[in-house]
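Step one of this worksheet: look at the structure below.
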Amino acid sequence: MQLIGRNLSPFVRRTAVILKLLDLPYEQRGLSTADDADEIAKINPVVRVPSLVLESGECLIDSNAIIDHLMEVGDPDHGLLPANGAERRAVLHLAAIGHGVMEKAVASSYERGRRPKELVYDKWVEMVDGQTQGGLGALEEAAAGGDYLHGDHLTLADVNAVVAYQFVGIGVRYLLKEEPYPALAALVQRCNELPAFAETVFKPG
Ligand SMILES: N[C@@H](CCC(=O)N[C@@H](CS)C(=O)NCC(=O)O)C(=O)O
């Protein structure tokens, strides 16, 4: 399988973490939407990352669809995502908050980083930063309740939370300045001792 995109993207990184946690072999093609739009367009008409090209040649786009497939083929015991019922809903709920934090943090960094300064809409930045903080606050509350966000082992919820927090540390660093999410920061530190997280940390250059 070929994963398209760089781990700077939280959506790409969370996909890479899941691939590694499930021991699914893959190679990564580190294309960036800013520099390699023409190449990415050949794979995904919406020109976004991640995409996952399967051995069959099929191409999956969007990290949610990709991870849905990876769980189907690689997580038969439902370790990362419970099979059904309240447990599954709880993990998906927390995972969606983590994914939402990624989306809002990416929106904030695009608004500030990709526009000429005079065209940055400060009110919009304030709004998406507030949404990012709202999500991080909810994840902090869940992280403060135990070693994992939900239950007694690592799930998709933890993967998303860790990747989202670390992306905020890159793209919206000022939101973490006074270390306002200590339990989440501790979860990040613990998870980063696992190879799946450590090996996917974005390294510029
Ligand atoms: N919902 C998508 C979001 C993917 C996404 O926004 N990726 C960013 C990179 S961080 C991207 O491709 N941005 C370029 C664009 O949207 O134009 C997912 O979960 O995969």
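Every number for a ligand or one of its atoms is a count from 1 in the order of the listing.
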TODO: Take Lys42 and Glu39, measure what salt bridge (charged side-chain N to carboxylate O under 4.0 Å, His left out) needs, and give me the verdict at the end.
DONE: CA-CA 5 Å; Lys42 292 179 197 159; Glu39 274 306 299; 2.6 Å; yes
Hey, does [X] come in under 3.5 Å of ligand 1, counting only N/O atoms on both sides?
| X | answer |
| --- | --- |
| Arg114 | no |
| Val49 | yes |
| His99 | yes |

TODO: Report, in ascending order of atom number, the atoms of ligand 1 lying under 4.0 Å from any heavy atom of Pro50.
DONE: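 This gives 20 (O) as the contact atoms.
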- [ ] May I ask you to decide whether Glu111 forms a salt bridge with Arg114, counting only side-chain N to carboxylate O separations under 4.0 Å?
- [x]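 No salt bridge links Glu111 with Arg114.
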Open item on the list: Working note: Leu187 + Leu149, criterion side chain to side chain contact (heavy atoms under 4.5 Å, CB included); need CA distance, chi angles, decisive distance, verdict.
Closed with: CA-CA 9 Å; Leu187 174 73; Leu149 288 196; 4.1 Å; yes
- [ ] For atom 11 (C) of ligand 1, state which one of Phe167, Phe11, Tyr110 supplies the nearest heavy atom.
- [x]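 Comparing heavy atoms across Phe167, Phe11, Tyr110, the nearest one to atom 11 (C) of ligand 1 lies in Tyr110.
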Task: Option with minimal heavy-atom separation from atom 17 (O) of ligand 1, where the choices are Val47, Asp62, Ile67, Thr15 - done: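 Looking at heavy atoms only, Val47 sits closest to atom 17 (O) of ligand 1.
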- [ ] Take Val106 and Phe11 through the side chain to side chain contact (heavy atoms under 4.5 Å, CB included) test and state the conclusion after the steps.
- [x] CA-CA 10 Å; Val106 167; Phe11 311 105; 3.9 Å; yes
Taking [atom] as the reference point, the nearest protein heavy atom with its distance:
| atom | value |
| --- | --- |
| atom 6 (O) of ligand 1 | Arg48 NH2, 3.1 Å |
| atom 20 (O) of ligand 1 | Ser63 N, 2.8 Å |
| atom 10 (S) of ligand 1 | Ser9 OG, 3.2 Å |

Task: Identified side-chain hydrogen bond (donor to acceptor under 3.5 Å, both in side chains) counterpart of Ser63 within the set Arg14, Arg48, Arg13 - done: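 Testing Ser63 for a side-chain hydrogen bond (donor to acceptor under 3.5 Å, both in side chains) against Arg14, Arg48, Arg13 leaves exactly one candidate, Arg14.
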Open item on the list: Does Tyr174, at its OH atom, have more than 12 non-hydrogen atoms belonging to other residues, nucleotides or ligands within less than 6.0 Å?
Closed with: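 Yes, OH of Tyr174 has more than 12 neighbouring heavy atoms, counting only those of other groups under 6.0 Å.
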- [ ] Establish whether Leu24 and Leu54 are linked, either directly or via other cluster members, by ILVMFWY side-chain heavy-atom contacts under 4.5 Å.
- [x]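 Yes.
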